[in-house]
Structure formats: structure tokens, C-alpha cells
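Read the numbers this way: they start at 1 and go in the same order the structure lists the ligands and their atoms. Along the sequence shown, residues are numbered consecutively beginning with 1. Computed from a prediction, not measured in an experiment: that's the story for all the values here.
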Amino acid sequence: SYTIDNQALVTPVLSQMQASNIGTTITELSSFTNRFYTTTGGSDASNWLKQKWAGMATGRADIAVTQFTHTGYNQKSVILTITGTDNPSEVIVLGGHLDSTIGNTGETSRAPGADDDASGIASMTEVLRSMIANGYKPRRTIKMIGYAAEEVGLRGSQAIAQNFKANNVNVVGVMQLDMTNYKGSANDIYIYTDYTDSAQNTFVGNLITTYQPTLTIGYDKCGYGCSDHASWTAQGYYASMPFEASFSQDNPYIHTVNDTFANSGGQANHSLKFARLAASFAIELGSDGA
Ligand SMILES: N[C@H](Cc1ccc(I)cc1)C(=O)NO
Ligand SMILES: [Zn+2]
Ligand SMILES: [Zn+2]
């Protein structure tokens, strides 16, 4: 259920989260020449993330990091799993995509993808760091997924969502973080209402008003399956996508060489809002028993 009753667990995790850490991860990820799904950089970025998350999880026997091998291209998705203590069959998913593009992207093409979507991966990474620092252990299972091949038709998330459905994985909620650091509009967080679940979207809004009451909320639509949340919705799972701006005011630099950390302000204050929202989502849902 969508009751908000875990303040004692959520508040310390949120207060420890810092924009500077998110900025560091954005800088690291956007320093790969590109992260396109078929290039060496795309595979290197996947392996780098796996190693980073695995290193952060050292000493936590309940956390495992794996790569999901896709058919037809080399870039692997990265899946971190925090196995629940007493209700592990129920699963919460936080997602963002690993790949970057400038359209026709070759081995030496420069595609930093700082906002699209290093910002989402970095936001999730800060959630993980603070959860571990606070010794948080969920009752349900929490998965963090860096999807491959989003830019070429949501291919990585489609394969994973289909696999989870085929294996009857009981995913109770999904949040997509794709583009979190470019504040293009008046409001702080825009909840997208198409290709998402309306009841879960209401819960997301309530999480913002409860845990980040100074933030303002907007609503908008993409008009198409604009990111990996659509892959989960297609399989009948409940998905939400909080986004950086209104549809017409999103980051104009994406899919170009100019999608850099500097062109998102050189700081990750906007991303921190989304990281905190993702943490509150994962902990509120993750702390529910069977
Ligand atoms: N199509 C999306 C970018 C995108 C997503 C949402 C909105 I609103 C505007 C633009 C993409 O490139 N994701 O990687
Ligand atoms: Zn994206
Ligand atoms: Zn994109």
C-alpha cells in the first residue's frame, strides 16, 4: 500500500545525500568518449559501473551486482540487487540508462551524456551510498538497474522487463530516472502521466510533499514511450517517471557533444531532488512486509 509511515528510516538517508557526490559520478561517467550500445566505450562504461557498485557494496552480503547480457549488441545492463530481509519476493526497481548517443555514434564520437543519462545513474548511486552509510536493510528486495541501449528504442529495459515478466518476478513498483539535472522549467519535479501508473504517480507526489515540502510539482506528458518506464508499463508493471522539466523545456543539449555537466550548471543540485525522491520511494515501498 502507499502509506507513508517510515520517516525514521527515510529521513536519515535523505539528510546524508549530497549533490557533490552526484556531480562526481556525472563527471566520471561523462568522461567516457561515448557510452553508445555498440562501442567499446559503451561496454567499458557498463563494466565501470558494475565495479563501482560492487565496490560500494563490499561487506554487504545482501547486495549483489550482475550484468545482464543482451542479444545483438555488446553493452550489458547492470543490475544491483539488495535482497529483502523477510519479504524478498516483492521487488522495487529504480532505473536509469547507461548508454549515450549523438545519433549516428561511432567508436570515436564524443557523446558525454551528462544529463542524458549520467544524471540518473549518478542519482541512483548516491541513493545506494547513503543507504549503505546508514546501514539500511529493506524488507522487500530493491534493484537498481543501469539499462543498456535505451537510445535505440528502449531495448535494454524491454529485454529485462520481458525477462522479469516471463519469470513472474513480483515487481511492485518502478521509478525511472532519465534526465534529472537540467532545471529547464519553473517547477522542481515534473511527474509524467503517460506510460505510467496513475495511483503510483499520486504516491510519488505525496512522497515529494512529505519529504521535500519546499519543492514544487508539475505534470506533463511525452506523447510517446520516451524512456525505460514505458518498457515496464508494457509488461503490466506500475512505473513512474519524475523528470527534470516540462516537455517543451527539457535539456536542449541532449544527444549532442554539448550534453556536459557544465551545460547542466556544473553542479547537481537539481539531481539531488530526484535522488532524494528515489530514496524515499525505495525505502517507503521497501520497508513493507508481506
Ligand atoms: N527521448 C528521451 C528524451 C526525452 C525524454 C523525456 C522528455 I519530456 C523529453 C525528452 C531520450 O532521449 N531519452 O534518452
Ligand atoms: Zn535518456
Ligand atoms: Zn536520450
*Does at least one non-hydrogen atom of K221 fall below 4.0 angstrom from an atom of ligand 1?*
no

*asked:* Tell me whether Y192 reaches ligand 1 (any heavy atom closer than 4.0 angstrom to a ligand atom).
replied: yes

_Could you tell me, atom by atom, which parts of ligand 1 come under 4.0 Å of a heavy atom of E151?_
11 (C), 12 (O), 13 (N), 14 (O)

*Looking at atom 2 (C) of ligand 1, what's its closest protein heavy atom, distance included?*
C226 O, 3.3 Å

_E284 and Y211: side chain donor to acceptor below 3.5 Å_ = yes

_Which of the ligand 1 atoms, numbered from 1, are nearer than 4.0 Å to a heavy atom of H255_ = 11 (C), 12 (O)

*Stepwise, does the side-chain contact (heavy atoms from CB on, under 4.5 Å) test hold for D116 with Y253?*
CA-CA 9 Å; D116 188 14; Y253 299 110; over 6 Å; no

*So, does S227 sit close enough to ligand 1 that a heavy atom of it is under 4.0 Å from the ligand?*
no

*Once the angle between the rings of F281 and F203 is folded into 0 to 90°, is it parallel (under 30°), tilted (30 to 60°) or perpendicular (over 60°)?*
tilted

*Stepwise, does the side chain to side chain donor-acceptor pair (under 3.5 Å) test hold for H270 with T180?*
CA-CA 7 Å; H270 202 44; T180 66; over 6 Å; no

_Are the side chains of Q75 and L98 in contact, using a 4.5 Å heavy-atom criterion?_
yes

*Please could you name the atoms of ligand 1 that D178 approaches to less than 4.0 Å, counting only its heavy atoms?*
13 (N), 14 (O)

*Identify the closest protein heavy atom to atom 7 (C) of ligand 1: which residue and atom is it, and at what distance?*
F243 CZ, 3.4 Å

*Can you tell me how far CG of N134 sits from CD of Q16, rounded to the nearest 0.5 angstrom?*
4.5 Å

*Which atoms from ligand 1 have a heavy atom of D116 less than 4.0 Å away?*
11 (C), 12 (O), 13 (N), 14 (O)

*For the side chain of R139 and the backbone of G286, is there at least one donor-acceptor N/O pair under 3.5 Å apart?*
no

_So for atom CG, which belongs to D86, do other residues, nucleotides or ligands contribute more than 12 heavy atoms lying within a distance under 6.0 Å?_
yes

*For residues H97 and Q176, is any side-chain donor paired with an opposing acceptor at under 3.5 Å?*
no

*Does an N or O from S246, backbone or side chain, lie closer than 3.5 Å to an N or O of ligand 1?*
no

*Indicate whether the side chain of T105 and that of N34 have a donor and an acceptor atom separated by less than 3.5 Å.*
no

*Numbered atoms of ligand 1 (with element) below 4.0 Å of D250, judged on heavy atoms*: 9 (C), 10 (C)

*Considering the heavy atoms of E150, write down every atom of ligand 1 situated less than 4.0 Å from one of them.*
13 (N), 14 (O)

*Within 45° of the ring axis of Y192 and under 6.0 Å from its six-membered ring centre, is that where the NZ or CZ of K221 lies?*
no

_Protein N/O/S atoms closer than 2.8 Å to the Zn ion (ligand 2)_ = H97 NE2, D116 OD1, D178 OD1, D178 OD2

*Under 3.5 Å, is there a donor-acceptor pair linking the side chains of S271 and N181?*
yes

*Do me a favour and list the nearest non-hydrogen protein atom to atom 4 (C) of ligand 1 with residue, atom name and distance?*
M179 SD, 4.0 Å

_Non-hydrogen atom of D117 closer than 4.0 Å to ligand 1_ = no

*Quick one: look up the protein heavy atom nearest atom 1 (N) of ligand 1 and list residue, atom name and how far away it is.*
Y224 OH, 2.9 Å

*With heavy atoms under 4.0 Å as the rule, classify the contact between Y147 and ligand 1 as side chain, backbone, both or neither.*
neither

*Return the orientation label for the Y147 and W232 ring planes: parallel under 30°, perpendicular over 60°, tilted otherwise.*
tilted

*Does the side chain of T25 come within less than 4.5 Å of K52's, by heavy atoms?*
yes

